[in-house]
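Report on the following structure.
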Amino acid sequence: MPITILQPSLAPPAKLRDADSDSDSEGGADLEGDIAMGRPAKRARTQDSSIMTPGEIITDDPQWMRGHGTYVIPGASSNTILSSVAGTLAKTNKLLSVRPLRARYTPEIGDLVVGRIVEVQAKRWRVDVGGTLLAQLPLSAINLPGGIQRRRTETDELQIRTFFSEGELLVAEVQQLYNDGAAVLHTRSLKYGKLRNGVFMSVTGTGGGGGVVRARRQAFTLDISGTDEVSGSEKIDVLLGVNGYIWISKHIEGEGAAAETSGPGITRIEESVGLNVYSSQNDIIPVDTMREIARVRGVVTALVENGLRVDEEMVTKGYAEAVEMAKEERDSADTLWLGGERGKRLANALVGR
Amino acid sequence: MSSTSQHLLLSPAELAYLHGSLSLITPGPIRPDGRSPTQFRPLTAETGILPGTNGSARICFADGTEAVVGVKAEVEKTPVPPYEFVASTEGRKGHSSAPKKSSRKSKKTTTEDEEISMDVDEDDEEAAGVNEKARVSPDWVELSVEIPGLRDDDSGTVFLTSMLTEALLADGEFVKKLWINRRFHWKLYLDIILISPPLSYPLPLLSLTTHLALLATRLPRLKSEADEDPMFDDDWAAATFLYPRQDTTSAKASNKSPKQPSAAAAAAPASRPPITLLVMAVGDNIIFDPSKEELAVADSAVAVSVAEGPSSETEPESESIPATSTKRNLHLLSVRTIDPPSRLTPPGVPNSVNAAAWGTMTAATPTTTTAATAPANESGAAKHPDARVTETEDVVGVWKAPRGGAKFGMLGAMVAKVLERGGVAEEVLDGLEGVDLT
Amino acid sequence: MADRRRINGPVGATTPPIFDKPAGPAAAKTRDAIRKIFLKTGITPSASGSAYLELENPNPQRPGNTSLKLSCTVHGPRSLPRSAPFSPHIILTTHVKYAPFATRQRRGYLRDSSERDLGVHLETALRGAIIADRWPKSGVDIISQKDDEGWDMMNVLSGCITVASAAIADAGIDCVDTVAGGVAALVCKDDKTAPTIVMDPVVAEHDSILAACCVAYLPTRDEITNMWFKGRLPGADMMVYDKLMEKSLVACRCANRVIVQELNETVKKGQGIS
Amino acid sequence: MPLDTSTYNLALLRVDGRRWNELRQQKGQLGVQPSADGSAYLEMGNTKIQCIITGPNERDTKSTSSASTAPTSHGLGATVAVSIMIAPFATVDRKRRGRNDKRLQEMQTTIASGLAATVQGQSYGPRSTIHISLNVLSQDGSLLACLINAASLALVDAGVPMTDYLVACTAGSTSSYAAADEEADPLLDLNTQEEQELPFLTLATLGATDKVVAMVCESRVQLTRLEGMMATAADGCKGVRDFLDGVVRDKGELMVQEGAIGRGEVVSSMDLD
């Protein structure tokens, strides 16, 4: 049936919150009670839910230090820590910080991110990494084709568009942060560079439900056992950018972000492998690999839509589960599509609900 | 900027991959989200969400694109043109030349006036036989589209508005439902709002929401006699549906009030408002409900507006209508080609020409031109001799914006695929029928 | 606020009183010929490319119904303003304008929605024809102005497409083919007779027009860059739809011959002088 | 038709059966728009508003940014751009507002400056902007107040650091300017009928702290009654804040139960490890 029209999902019934303020009727206000001017009304922390909301006092115990997502009132006695975002409390020995339920990506040094060139300037590129500010990629922070090591000259600046031009995707590492939080990227290694032979997708920001979680390995390889007798040799590279941008592509021996971890060593820079790092020409991709890439993309979408975290382990398990589901319904045509109901089934199977 | 250029940045490598996977013939196109070529994205639909309107509907996709339509109706005095005697005696010719002067004439209506002479509803004059019925005019329906981020006189918004209005007014049936008597008529305001910035081309979503809103629209029942000042029954439960329902179980199955003699309503129970479907072609594959990435590699795209006419209406004009139109009697209302954003996408650079890619070292990229497989040690910095050749021809794996138009046969096939018996249009109409109208 | 600089005509348009019965409509033109087109390129020296098109007036003695006159100017390709983002291809902007005196009821200089709609159609038609990546970082403006009144939207659009294609060729912008516009319509005298398909319909002549379509066509590549169909066609009847389309393609080919002939003349004249 | 307040002091009930200090029925939902950074849907009585937040992100300098009516007001760091769109079918009789509608622009400026004072934007550079687009689906009184509440709810959903909720409420007084009766009661949370008849003001406070961020009063009212109206509005704001807080907590707990995010720890003052 080409079109499925669902009934609207009813809004969760609003639990009648036990009204904190001592007003008689629901949400009313009475004039007699004295209005505490100045310090925020100190509310007994009746609920046990560990959800903090903005403006809520976390503690006024001087031993705690203030981390992300919290603030201190400059004027009054400055050891009352209040939460500035809605989220869960995180304590790292004496440091209090609040992890927001949903937030955009905040870059940190060493993050492996996927970015898209938004603007080309004289000596640098402005890269969108899904954060609050555009990241910078200076011309000096990229490998020249063929791995030559030299200072950048005028001609390089003139040929800047042959390296990266608007709209192109690249994988890079955050090298350093400006004080306003903007990231500076670099691609000075064989596992970074321009992305091709694959499909891009973006998952909403990290920090909370359904985002990419910082893990040991952000780039890994899936070998597609192939649902229909494809020779096992085909592999797929999956690159989970920490900023929620994901790249799924055909694995080429010794190239691409995953090559570093599984391919030959890094020693031979001048090898021919690094020469095509700025090419925007795709190689010939067999149909089955395209099919499996679409399946992996479906798995990731299902994980996000059902609020599960996206990391190497979940994606690998999800992909195996999807291949199983495809085997079961061998006859039905669209085994690839993993939205809506099928996505829920996959997610439940993963979480074992 | 052109109507579809919500500035989507995609890299040439992605575009080449997408085009490659969508134009596969043997197993059929592989779409990025794995859907089959005629499969629509799941959507949630509900009607009657705004109590203050005569009819309202809201549809949103799983990815969050959402549209809300509100329909409000007001009674308006029908302007009587001073040349009325000329219009009636002169018959047709006088009619078209006599200017329609009404007190509050907005500028837009003059072109509507011209369009009317091109349009199709003159024939009802003969059919109804009664002259004053002739004064049915398309200005009784005003449709406005609001897209966040675009100004309302932006060419994209205007293109959408005129397409939706055209689909509604093309067959002239709709305007007759707004007729009250010779002195008054209903003025219907259809306001369409796209809540989120458009993630994919908004046309199909807007037209489905309008379809549902019109189905849910109800007008208060007329109590007054023929040409008196209109008096309405203020019991909302007795209001009549704009599109009379089939014998649905709802208690107030619309009894066609005797005082509203409109040819269409009497003739057939179930005519339905039009829907507009977006169809796209990549290579030889025809794809429905394209997402933003798919539309960015489309060779051609067409918007087809279809409506279900009253099934028992006989079609005198066309000679080849199959007599036993069992299922639905679909009418083709309007077809427009959409300029696909693929023409605005940056071209890829083949390795043989790419200074930074040091020529075609890896044998895995056989380019069509024979001389292009330069020996490995030739320094790639020199521009390749036959760069001009690769510029005109298609190199495998390199994206190039499509040039020229679409083949005549392909456009015809796209329209045919929508209209065919048991095709996509009918299944979408069935799906929409399933939505229970509150 | 009153427009001080211009002296506007009388507010309501007045039509001449009709005394005698106008002569019967001229013999309806033969079905398979389109009206004669007069096309001239290079009429505005200040623009980099320009053209003027006029369609023959079917029955001159009828009051208030004159022929279609269109002029088109092309400015570009010229460099984009510094603030515009980098674009690897030419940015095409089209405007369709009605002269204030062009329609029965005078219309102001502000463009309304139908003109903008025509503008989008024209842009779709021309974008298919132009080779965009030959002119990176540049823009071209195409302004087509309708000077005479009494014609319907689809005929205006097909005229605009033809005159704009000639003007682009005159401006020396790379095109894959000269695009031409053509209109065909399904008309019927009255209920009894079966509907016939007419090429390049004259609106006033026909009693009722069931459906019409306007096509922008590339003859040598045999491709359609823009198609606009409107009207009421019983859906299952794809045959009538295809016949209508073929008829409009024939109209496009005739119009295209006029463009090619005009461009050849200017080239010969150009070589003759230099 | 003028609102007849004659029967009010008989049973002290307002035209929709509320007491003088009762808020209208409120419904709220977070994350209604998965593709946006932050989104919220809020109903106060029959005023229904949907708010979508994109950002804080950086509009690159040369991009053809869409015509967002952005009365940005520079807070400590990030700029806040607000654009309001009132649906033509929102009011009883259809009214299509043009682009440069003065009343809309004024409301946009008030909200932008109010939010800029509440949002702790210093962690983002001045170049990043927070785009707030508010769609009014139906309007029945205290529009500005409802817009502010919807915007601050959506900002919390977007994870933008804020000092506290920016909550707003309207308050009116039963006696029109002419009648000199002293013991006129202030009224809380007015609907359209009451707004057209009675003098009223909109008060926006920083959460429950009674610090006033914005106050708008466009009708004549006696000075003696102003103080009472402001106090009622401030208390109304407390009630609204509790409601918004409840919506956010429900959403948070839902996400914790679903295992989308780990359960946070609870700090207890005796924790001296």
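To find a chain, count down the sequence lines: A is the first, B the second, and so on, and within it residues start at 1.
Of the listed residues Gly159(D), Pro56(D), Gly207(D), the one with more heavy-atom pairs under 4.5 angstrom with chain A than any other is Pro56(D). Of the listed residues Leu133(A), Asn179(A), Asp180(A), the one with more heavy-atom pairs under 4.5 angstrom with chain D than any other is Leu133(A).
We find that Lys238(D) and Asp242(D) are not joined by a salt bridge, their nearest charged nitrogen and carboxylate oxygen being 4.0 Å or further apart.
Contacts of Val32(D) with chain A are absent, with no heavy-atom separation under 4.5 Å from either backbone or side chain.
No side-chain donor-acceptor contact under 3.5 Å links Asn149(D) and Tyr165(D).
Under the rule for a side chain to side chain contact (heavy atoms under 4.5 Å, CB included), the partners of Asp157(D) that lie at least two apart in sequence or sit in another chain are Arg102(A), Leu30(D), Ser39(D). Remark: Phe164(A) engages Trp125(A), Tyr278(A) in a ring-ring contact (aromatic ring centres under 6.0 Å, His included) (not counting sequence neighbours).
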